[in-house]
There are 2 protein chains.
Amino acid sequence: MYRYREIYSDIKRDILTNHYRAGALLPTQEILTEKYQVSRLTLKKSLNLLSDEGLVYSKQGSGTYVRPRMDSQSTEMLPLDLPVGVTYSHRDQKISSKLIHFNARLPTEIEQKNLQILSNDPVYEIKRVRLINKKVYSFEHSVMPVSIAPIDEKVLSGSVYDYLGSHANLQLTDARRVVYAEPANKETSQVLEVSLDSPIFVIDQIAYDQKGRAFEYSTSRFVSNHNKFVLDVHLNKNN
Amino acid sequence: MYRYREIYSDIKRDILTNHYRAGALLPTQEILTEKYQVSRLTLKKSLNLLSDEGLVYSKQGSGTYVRPRMDSQSTEMLPLDLPVGVTYSHRDQKISSKLIHFNARLPTEIEQKNLQILSNDPVYEIKRVRLINKKVYSFEHSVMPVSIAPIDEKVLSGSVYDYLGSHANLQLTDARRVVYAEPANKETSQVLEVSLDSPIFVIDQIAYDQKGRAFEYSTSRFVSNHNKFVLDVHLNKNN
DNA sequence: TAGTGGTCTAGACCACCTG
DNA sequence: AGGTGGTCTAGACCACTAC
């Protein structure tokens, strides 16, 4: 592994274990370069990572300070800046999927636009209910160009992202998410087992792979109040 | 201005104006260092900024590629990773506030925890309706320690963040946001002029200043469907 | 005035991709 | 094997803060 990553992890651990106290000054960059036996630039790269994460902030001419830590996020909340795929979020829980609908068809105009495909490029349409410990969790409607990779019902019982990673050398690296609230329609209320018109939290997502191709357009619906999403925002990045 | 920022802007402009086409290779770092007459490290810093923004991606041993551009976001959507303050989002629209409630009191337990204050540190409690072009837009309930800065009704007619920036040398640099959907209660439905139990999009926010102090705890409620929020996610940062 | 962080250089070596 | 990007160094100068 890289040196600046090691140093980053080392200092981060020292902060999280209160070895460096909140609000206190970190040692000067000169002292830290001696401690870790690296050049100042390498050390600075480590500090920049910490700064991007919001753990420290530097003031020119003064020093680098440890930020008071935000409360660690409650386990009930899911990070909004990670894949919606339940697989990644609840590692110790039993995730399963129930396939509601699976077929191929031609794309709608909106889908053509979002997936950057032509009107005669076929797409898969998939509707799944996601369950955690056999309890209904979300209702996911996704559309994927057939040209990306062949899909069958077996794949859909697990994580599609994992499958695409190992079989199509395709990784989710960027996503545009649009979030909003809406009343449950008939289908949603049935599937999520809530009453009609009750508030639903919706995440629309366009997923892009490492080369910037849009490969999935999906809408995920969550029962309100059961599910909250957390997002840590860092403005004023040094860059 | 810094050199790496200039180069970053220059290349970004070239990408956005299609001077460098989507999917195409950028010139090699060596050629670019000659073009801009800088060291490779400086150039690399510029490319890293572009990479963090998702405009390009680099493959070791191969080159740096221009990512196909995502659709520019619709004007109807507000970015979720910028201050909720309407002021920043709708620059060309007429923003106003209607003060519903303003007082000082002692904090609840939750507020003590979120704002990292003691039970006898007084807080301001503010309820405002935000309007765009005189149309109801959001209902904002915020709590702020009195110790941060003196507030009066005049300040509350404009942007509190602007006021804190100029009068208390305090800048919003980090925030933790929790988003979810809920049914409108009596107060919310009255203020936002919607029916009881209709879906409301909620953003809870803890705002931190440049030194990591929590200075505001707020809940903003938006009428569903009128308001959608967009978030661009970039995973796999090089770091 | 002294000390600190921010930027920048020229050059080196390594890891990876493509012929 | 050659070319590319990723990392790292030692040293320099500048900008800002604090005293």
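Only a predicted model underlies this, so the values are computations on that prediction, with no experimental measurement involved. Proteins come first, then strands; the chains are lettered A, B, ... in the order of their sequence lines, and each starts at number 1.
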Between [N] ([atom2]) and [X] ([atom1]): distance, integer Å:
X	N	atom1	atom2	result
A/Leu50	C/dG6	CG	P	13 Å
B/Lys44	C/dT9	NZ	P	15 Å
A/Glu6	D/dT7	CD	C1'	13 Å
B/Leu43	D/dG6	CG	P	11 Å
B/Asn48	C/dT7	CG	P	13 Å
B/Lys45	D/dC8	NZ	C1'	15 Å
A/Leu47	C/dT4	CG	P	14 Å
B/Tyr57	D/dT4	OH	C1'	14 Å

Legend entry - Proximity to the side chain of A/Ser58 - top-ranked nucleotide from D/dG5, C/dG6, C/dC8: C/dG6
Legend entry - Listed nucleotide nearest any side-chain atom of A/Ser39, set C/dG5, D/dT9, C/dG6: D/dT9
Inset, instruction - Applying ring-ring contact (aromatic ring centres under 6.0 Å, His included), name anything that partners B/Tyr8, two or more places apart in sequence or on another chain. - result: none
Inset, instruction - From the options B/Leu80, B/Asp81, B/Val179, select the one residue that forms a side chain to side chain contact (heavy atoms under 4.5 Å, CB included) with B/Phe229. - result: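 Passing option: B/Leu80.
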Legend entry - Heavy-atom protein contacts under 4.0 Å, nucleotides 11-19 of chain D, coded B base, S sugar-phosphate only, - none: -B--BBBS-
Inset, instruction - Decide if atom CG of A/Asn169 counts as having more than 12 heavy atoms of other residues, nucleotides or ligands within a radius under 6.0 Å. - result: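 Atom CG in A/Asn169 is not packed in, count stays at 12 or less.
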Legend entry - A/Glu30 atom CD, neighbour heavy-atom count above 12 within 6.0 Å: no
Could you tell me whether the side chain of [Y] reaches within less than 4.5 Å of the side chain of [X], counting heavy atoms only?
X	Y	value
B/Asp209	B/Gln171	no
B/Leu164	B/Met144	yes
A/Ile151	A/Tyr163	yes

Legend entry - B/Tyr4 side-chain N/O to C/dC8 phosphate OP1/OP2 under 4.0 Å: no
Legend entry - N or O in side chain of A/Thr42 less than 4.0 angstrom from D/dT9 OP1/OP2: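 So the side chain of A/Thr42 is within the cut-off, an N or O lying under 4.0 Å from OP1 or OP2 of D/dT9.
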Inset, instruction - For the pair A/Asp174 and B/Arg67, find out whether any cationic side-chain nitrogen is under 4.0 Å from an anionic carboxylate oxygen. - result: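 Yes, this pair counts.
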Inset, instruction - Could you list by number each residue of residues 21-38 of chain A showing a heavy-atom separation from DNA chain C of less than 4.0 Å, or answer none if no residue does? - result: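 Heavy-atom contacts with DNA chain C come from A/Thr28, A/Gln29.
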Inset, instruction - State, to 0.1 Å, how close A/Ser97 and A/Leu156 come at their nearest heavy-atom pair, and which atoms those are. - result: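 In terms of heavy atoms, the two residues are closest at CB-O, 3.9 Å.
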Inset, instruction - Classify the side-chain pair B/Tyr36/B/Glu6 by whether it contains a donor and acceptor separated by less than 3.5 Å. - result: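 Note: B/Tyr36 and B/Glu6 side chains miss the donor-acceptor criterion.
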Just list the side-chain donor-acceptor pairs under 3.5 Å for residues 20-28 of chain A, sequence neighbours left out, or say none.
| residue | atom | partner | partner atom | Å |
| --- | --- | --- | --- | --- |
| A/Arg21 | NE | A/Asn18 | O | 3.3 |
| A/Thr28 | OG1 | A/Ile31 | N | 3.2 |

Legend entry - Rounded (10°) bend between the five-pair end axes of the helix from C/dT1-D/dA18 to C/dT18-D/dA1: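 About 10° separates the two local helix axes.
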Inset, instruction - Could you note down all residue pairs passing ring pair (Phe, Tyr, Trp, His ring centres under 6.0 Å) where residues 45-68 of chain B supplies at least one of them, sequence neighbours left out? - result: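 Residue pairs with at least one partner in residues 45-68 of chain B: B/Tyr57-B/Tyr65.
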